[in-house]
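Everything below concerns the one structure shown next.
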Amino acid sequence: MQYCKSTPGEDGYRMPGEFEPHSGCIMIWPVRPGSWTYGGVGAKKVFTEIATAISKWETVYMLADEEHFEEARATLPGEVIVVNIESDDSWARDVGPTFVKNKEGKLRGVNWSFNAWGGTYDGLYADWSRDDLVAKRFLEYLDVDCYDAAPFVLEGGSIHSDGEGTLLVTEACLLSPGRNPKLSREQIEEKLKAYLQVEKVIWLPCGIFQDETNEHVDNVCAFTAPGEVVLAWTEDKADPQYEMSNRCLQVLEQERDARGRKIKVRKLLIPNEPVCITEEELAGLVFEPGEDEREAGEQLAASYVNFYIANGAIILPQFGDENDVPAQRVLQEAFPGREIVPVYARDIIVGGGNIHCITQQIPAPAPLSEGLF
Ligand code: KQY
């Protein structure tokens with residue numbers, strides 16, 4: 001692995017859309033006591049279910065530290081590759097590299113600076129040093145060259161690319177004082193354009209109510225194809241999400257993408273019943289000093305937008321709610337060629353994120369001539 005001195009934009013490397021072909025997916029074995037209840041028993045089961053489902057379509061790399069390597073190996077099916085890389089938690093979307101690809105199909109990775117969603121301002125834990133090294137260590141493991149964007153702070157969950165020059169972000173997250181407080185909105189846009197080769201950044205105002213990442217875009221709005229998105233939605237005017245989703249819709253209705261297209265919006269209802277942490281779940285968590293603590297009854301940022309797009313499937317969180325099946329229908333319409341794989345994700349949302357947050361795609365290194373762009 002070599003470090004590139006230039007930027008992806010200068011070298012003709014762009015971030016593909018998640019719906020473009022993948023060669024693999026990165027996940028991280030869940031062991032952090034402040035995120036995964038009761039020693040991660042339930043989380044390990046659901047991570048295994050997800051890794052197994054994705055590995056039908058692409059190679060899954062499960063990162064695990066020395067202490068949990070054998071446990072992960074013994075639990076996961078043989079086709080999942082377990083890689084000995086340590087981390088502070090399991091949010092592969094945010095701590096893994098963002099892959100970029102050129103016209104010849106060559107891959108490189110971008111390393112962002114990671115500060116646990118806000119550093120000393122409002123970060124969620126006190127020591128994120130191992131998380132911050134995950135992207136570089138994984139690129140070393142794959143022997144893929146790296147653009148080091150540090151000290152620019154960014155998480156993979158705070159961006160969605162259409163692969164054709166448009167990027168979705170939220171103001172709530174990218175302009176939060178815990179990320180890059182010395183950079184203006186224009187300077188942040190310049191960084192995104194240089195490192196992801198995009199021409200147009202669409203700034204949604206906010207994300208999902210109670211999202212502890214300062215409202216990552218991947219919980220509220222996602223590209224399903226160039227020019228098409230799904231947006232988390234509610235018709236309940238009393239729900240704080242009503243106003244938040246409406247503000248996002250206004251922006252999407254007014255904007256054009258980098259290619260000048262109007263954006264088609266499919267609404268994806270959030271769960272009808274608020275998803276809240278129970279006393280029993282709380283009793284199964286052990287927080288470290290300096291870690292953000294939960295309270296019983298606290299509402300979690302549950303959204304069906306936090307799905308993973310695998311090559312032939314959509315791995316979709318379910319909450320045991322009446323809106324579970326309608327979400328499956330909306331996504332089947334948005335992704336007609338893909339199988340919808342519903343996964344009951346209670347043990348993940350209790351950790352503070354969902355299926356998109358625990359996965360990071362590795363684009364297929366195929367050339368343009370093979371029709372995979
Ligand atoms: O949603 C994510 N991308 C990460 C959530 C972090 C929660 C930490 N408790």
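For the numbers below, each heavy atom of this structure counts, side chains included, while hydrogens, waters and symmetry mates do not. Because the structure is a prediction, the values reported are computed rather than measured. Counting starts at 1 for both ligands and their atoms, following the listed order.
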Any carboxylate oxygen within less than 4.0 angstrom of a Lys/Arg side-chain nitrogen, looking at Arg294 and Glu281?
no

Anything under 30° is parallel, anything over 60° is perpendicular, the rest tilted; go ahead and classify Trp233 against Tyr242.
tilted

Using a 4.0 Å cutoff against the non-hydrogen atoms of Thr213, which atoms of ligand 1 qualify?
1 (O), 2 (C), 3 (N), 4 (C), 5 (C)

Can you tell whether the side chains of Glu171 and Arg247 come within less than 4.0 Å, N to carboxylate O?
no

Answer yes or no: is there an ion pair linking Asp162 with Arg259, defined by an N-O contact shorter than 4.0 Å?
no

Any atom of ligand 1 sitting under 4.0 Å from a heavy atom of Gly157?
no

If the cut-off is 4.0 Å to any non-hydrogen atom of Leu124, which atoms of ligand 1 fall inside it?
7 (C), 8 (C)

What is the closest protein heavy atom to atom 1 (O) of ligand 1, and at what distance does it sit?
Cys357 SG, 2.9 Å

Tell me the contacting part of Glu212 for ligand 1: side chain, backbone, both, or neither, using a 4.0 Å heavy-atom threshold, strictly below.
side chain

How about CD on Glu243, more than 12 heavy atoms from neighbouring residues, nucleotides or ligands closer than 6.0 Å, or not?
no

Counting only nitrogen or oxygen atoms and a 3.5 angstrom limit, does Gly351 reach ligand 1?
yes

Any atoms of ligand 1 less than 4.0 Å from a non-hydrogen atom of Gly353? List them with their elements.
1 (O)

Heavy-atom pairs closer than 4.0 Å: do any link ligand 1 to the side chain of Trp117, the backbone, both, or neither?
side chain

What are the atoms of ligand 1, with element, lying closer than 4.0 Å to any heavy atom of Gly352?
1 (O), 5 (C)

Over 60° means perpendicular and under 30° means parallel, so classify the ring planes of Tyr308 and His22, tilted if in between.
tilted

May I ask you to say whether Glu155 pairs ionically with Arg93, meaning some side-chain N is under 4.0 Å from a carboxylate O?
no

Between Glu10 and Lys5, is the closest basic N to carboxylate O distance under 4.0 Å?
no

Of the side chain and backbone of His216, name the one, both, or neither that has a heavy atom under 4.0 Å from an atom of ligand 1.
side chain

Nearest neighbour in protein (non-hydrogen) for atom 3 (N) of ligand 1
Asp94 OD2, 2.7 Å

